[in-house]
Amino acid sequence: MPDVGSSRARYRRILRFAALYMAQAWWFELFLPRIGLSGLAARGRARRLRGVARSFHTLAVSLGGLMIKVGQYMSSRLDVLPPEITKELEGLQDEVPPVEFGAIRRLAESELGVPLDVAYEWVDPTPLAAASLGQAHRARLSAADAAEAGFADVVMKVQRPGIDEIVDVDLAALRKVARWLSRVAVVREHVDLPALIEEFAHTSMLEIDYLHEARNAERFAENFADDARVTVPEIAWERTTKRVLTLSDVTAIKINDLAGLRAAGIDPSEVAAEFAKVMFDQLFVDGFFHADPHPGNIFVTPRAAGTDAAARPWTLTFIDFGMMGEVPDSLRQGLRQLIIAVAARNGRQLVESIREVGLLLPSADTVELERAMTALFARFGGMGFAELQKVDPREFRDFAIEFGDVVRAMPFQLPDNFLLIVRTVSLTSGMCSSLDPAFNMWDAVEPYADQLLRDESGNTVRAFAREALSIAGVMVRLPRRLDDVVTRIEEGRLTVDTPRLDQRIRGLERTGRRVISAVLFAGLLIGGTVLRADEQVLGTVLMAGSVIPLLHALFAGWAARRGPLG
């Protein structure tokens with residue numbers, strides 16, 4: 001258990017690291033470009049990134065705890081982070097040093113209340129896996145416990161001794177760093193870092209409660225009870241406490257073991273496609289998802305001989321349910337719409353979906369963001385990770401220069417639990433890309449989006465109702481805005497020198513109203529046609545009512561020409 005002195009040293013070491021590299025980032029990424037030395041700042045960027053990643057790697061391995069979690073997250077961002085960072089940190093998935101078995105034995109016996117030789121028939125002192133918060137050992141249940149549980153071979157997962165205090169220190173340091181960054185205007189205006197740290201803290205505290213993890217595992221298993229694609233370990237509740245978790249041994253081929261997969265006759269590209277589907281189902285159908293799907297937590301398990309020949313000859317086996325996320329119904333609906341927008345390469349719909357999900361404040365002016373998303377889809381839409389790697393980096397730079405300020409100016413925010421969703425999607429994307437460099441996330445999204453569109457077909461009436469309200473809003477607002485312009489001119493608040501300007505403005509106003517009438521006619525006619533199948537009376541009324549704006553659109557110009565100004 002760490003003493004007060006070592007806790008203070010740990011705290012200071014994390015803060016020193018953060019302060020040093022925050023100062024470096026300020027100098028190279030903010031100050032030098034501001035004085036016209038962007039080229040100098042860019043020249044050594046790759047070397048600096050490798051240096052930062054290497055230093056953090058060393059820090060994380062030596063400290064363990066939550067620093068490993070931070071490094072694992074960064075190493076998984078193959079789809080967005082430069083390889084200088086991901087390659088340097090990828091070893092953190094397997095590089096956590098193990099705890100001496102004597103300390104593990106003492107903690108386990110204290111928790112279980114009996115000697116380890118009584119609790120288990122045998123325990124392998126060599127760890128199966130050493131993680132940042134706990135350590136796993138193979139074991140076998142006693143005959144009596146095995147008869148009650150229905151299985152004998154197990155994995156005993158034990159918390160690292162003193163991990164509670166380590167997590168407390170790490171969270172205190174992260175909170176301090178978040179407060180520092182919140183004093184920077186560009187950070188403060190775009191993200192509530194203290195709130196994100198508190199969400200991370202909540203998740204971390206749940207992750208070191210093994211009773212909570214066991215309940216998560218059972219809930220996850222229930223969600224996939226009738227799904228042949230996924231298997232989940234069973235819990236030996238007789239040998240499970242808050243700090244010791246015993247579950248059936250389901251270890252198999254690690255999902256990123258390409259050689260092992262091929263030796264078993266399993267195509268890694270098929271694993272990538274199936275894994276993406278399973279993760280999408282968790283996020284957008286179940287609303288309860290594994291938020292830590294890194295390679296150490298997913299196995300590919302070949303089926304036993306003699307199983308159903310029609311079934312896939314392997315399953316995906318998930319372990320470690322300490323970090324799970326939930327998607328509320330309202331957020332899940334917004335995420336569905338977002339997926340549909342991405343699949344349709346629709347920039348306007350994507351921005352609207354981002355707003356509905358809660359990532360943008362209602363006050364955000366999204367015109368330029370829509371243009372940026374449309375341009376992004378037009379140039380890079382549909383490309384897989386491998387294809388994007390072949391794109392000339394100058395194209396990415398040009399795009400960043402053109403639209404970077406627009407994106408940075410947007411008042412983004414993160415709703416509750418969204419950090420876990422972002423983490424899960426990024427881990428999934430990175431995993432699939434490592435299994436299949438040609439993996440294209442668009443291909444995984446599009447069939448799912450097609451199903452979502454079919455599921456949403458029952459909401460057609462509501463969609464047309466929203467469109468009708470939108471058209472009505474435009475009809476009400478646009479003439480008022482034109483009237484405001486005329487009023488300003490009449491009251492002398494706008495100086496003009498053209499004698500024919502009044503006539504031109506009246507012509508503009510008439511044209512605007514005719515355009516509105518035409519739009520309203522189309523909205524009423526289409527809405528009435530769709531509604532008539534289910535609501536015959538209302539649909540007929542709307543179709544009949546569309547005649548009025550149609551007549552205005554067609555004959556308003558002719559009537560004006562016959563008038564005094566004609």
Side-chain angles (χ1 to χ4, degrees), residues 1-4 6-7 63-66 68-69 94-170 204-221 231-252 292 296-297 299 317-323:
M1 181 178 296
D3 56 29
V4 175
S6 63
S7 294
L63 292 181
L66 294 186
I68 294 285
K69 285 289 180 185
D94 303 296
E95 201 174 324
V96 182
V99 177
E100 185 266 327
F101 184 67
I104 292 293
R105 173 187 286 274
R106 288 191 292 273
L107 190 150
E109 291 180 341
S110 174
E111 279 292 303
L112 297 173
V114 295
L116 215 56
D117 296 339
V118 174
Y120 302 93
E121 184 175 308
W122 64 266
V123 177
D124 187 352
T126 302
L128 174 66
S132 55
L133 305 181
Q135 188 161 301
H137 293 258
R138 279 199 170 96
R140 180 171 295 138
L141 293 175
S142 65
D145 286 345
E148 186 170 345
F151 50 88
D153 293 331
V154 296
V155 170
M156 179 189 72
K157 184 176 175 181
V158 183
Q159 276 187 10
R160 283 178 171 259
I163 193 63
D164 305 70
E165 293 81 1
I166 290 172
V167 168
D168 287 343
V169 171
D170 289 357
S204 300
M205 298 309 293
L206 289 178
E207 199 171 354
I208 58 176
D209 180 352
Y210 285 167
L211 289 173
H212 180 75
E213 177 177 344
R215 289 190 291 270
N216 284 341
E218 289 199 332
R219 180 178 171 185
F220 188 88
T231 51
V232 181
E234 297 181 73
I235 307 300
W237 285 101
E238 301 80 6
R239 297 301 176 207
T240 295
T241 70
K242 185 175 181 179
R243 291 180 173 83
V244 175
L245 173 62
T246 305
L247 60 163
S248 58
D249 188 354
V250 294
T251 53
D292 196 22
N297 289 338
F299 296 111
T317 302
F318 286 75
I319 64 170
D320 193 348
F321 301 92
M323 186 183 295

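The basis for the numbers below is simple: all heavy atoms, side chains too, and nothing from hydrogens, waters or symmetry mates.
The line from CG of Leu112 to OH of Tyr120 is 5.0 Å long, rounded to the nearest 0.5 Å. Between the CZ atom in Phe321 and the CZ atom in Arg215 there is a gap of 15.0 Å [rounded to 0.5 Å]. Atoms OH and CG, from Tyr210 and Leu247 in turn, are 10.5 Å apart once rounded to the nearest 0.5 Å. Taken from CD in Glu121 to CG in Leu116, the straight-line distance is 13.0 Å, to the nearest 0.5 Å. Between the NE2 atom of His137 and the NZ atom of Lys157 there is a distance of 12.5 Å, given to the nearest 0.5 Å. Expressed to the nearest 0.5 Å, how far CG of Leu66 lies from CD1 of Ile163 amounts to 7.0 Å.
When every heavy atom of Trp237 is checked against every heavy atom of Ala214, the shortest pair comes out as CH2-CB, 3.4 Å. Shown here for Val155 and Ala136, the closest heavy-atom pair between the two residues is CG1-CB, 3.7 Å. Scanning both residues, Phe299 and Ile319, for their nearest heavy atoms gives CE1-CD1, 3.6 Å. Residues Pro161 and Ile104 come closest through the heavy atom pair CD-CD1, 4.4 Å. Between Ala130 and Arg160, the closest heavy-atom pair is CB-NH2, 3.9 Å. Nearest approach of Ala139 to Val123, heavy atoms of both residues: CB-CG2, 3.9 Å.
Annotation: side chain of Phe151 is in contact with side chain of Leu141 (closest heavy-atom distance under 4.5 Å). A 4.5 Å side-chain heavy-atom check between Leu133 and Val167 finds at least one atom pair inside the cut-off. Side-chain contact between Asp320 and Glu213: present, with at least one pair of heavy atoms (C-beta onward) separated by less than 4.5 Å. Using a 4.5 Å cut-off on side-chain heavy atoms (C-beta onward), Met205 and Asp209 make no contact. Asp249 has its side chain out of reach of Val154: every pair of non-hydrogen atoms, C-beta onward, lies at least 4.5 Å apart. With a 4.5 Å cut-off on side-chain heavy atoms, Arg105 and Asp117 count as touching. No side-chain heavy atom of Gln135 sits less than 4.5 Å from a side-chain heavy atom of Val158.
Checked against Gln159 for a side chain to side chain contact (heavy atoms under 4.5 Å, CB included), the options Thr241, Val244, Asp164 give a single hit: Asp164.
Of the possible donor and acceptor atoms, one in the side chain of Thr246 sits under 3.5 Å from a partner among the backbone N and O of Arg239. For Thr240 (side chain) and Ala236 (main-chain N/O), a donor-acceptor pair under 3.5 Å exists by modelled atom type. Distance alone, capped at 3.5 Å, places no donor-acceptor pair between the Glu207 side chain and the Gly322 backbone. Formation of a donor-acceptor pair under 3.5 Å by the Arg138 side chain with backbone atoms of Asp153 is not found in this model.
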Yes or no on side chain to side chain contact (heavy atoms under 4.5 Å, CB included) for Ile166 and Leu63, after CA distance, side-chain angles and deciding distance?
-> CA-CA 9 Å; Ile166 290 172; Leu63 292 181; over 6 Å; no

Could you walk me through whether Lys69 and Asp292 pass the side chain to side chain contact (heavy atoms under 4.5 Å, CB included) check?
-> CA-CA 10 Å; Lys69 285 289 180 185; Asp292 196 22; 3.1 Å; yes

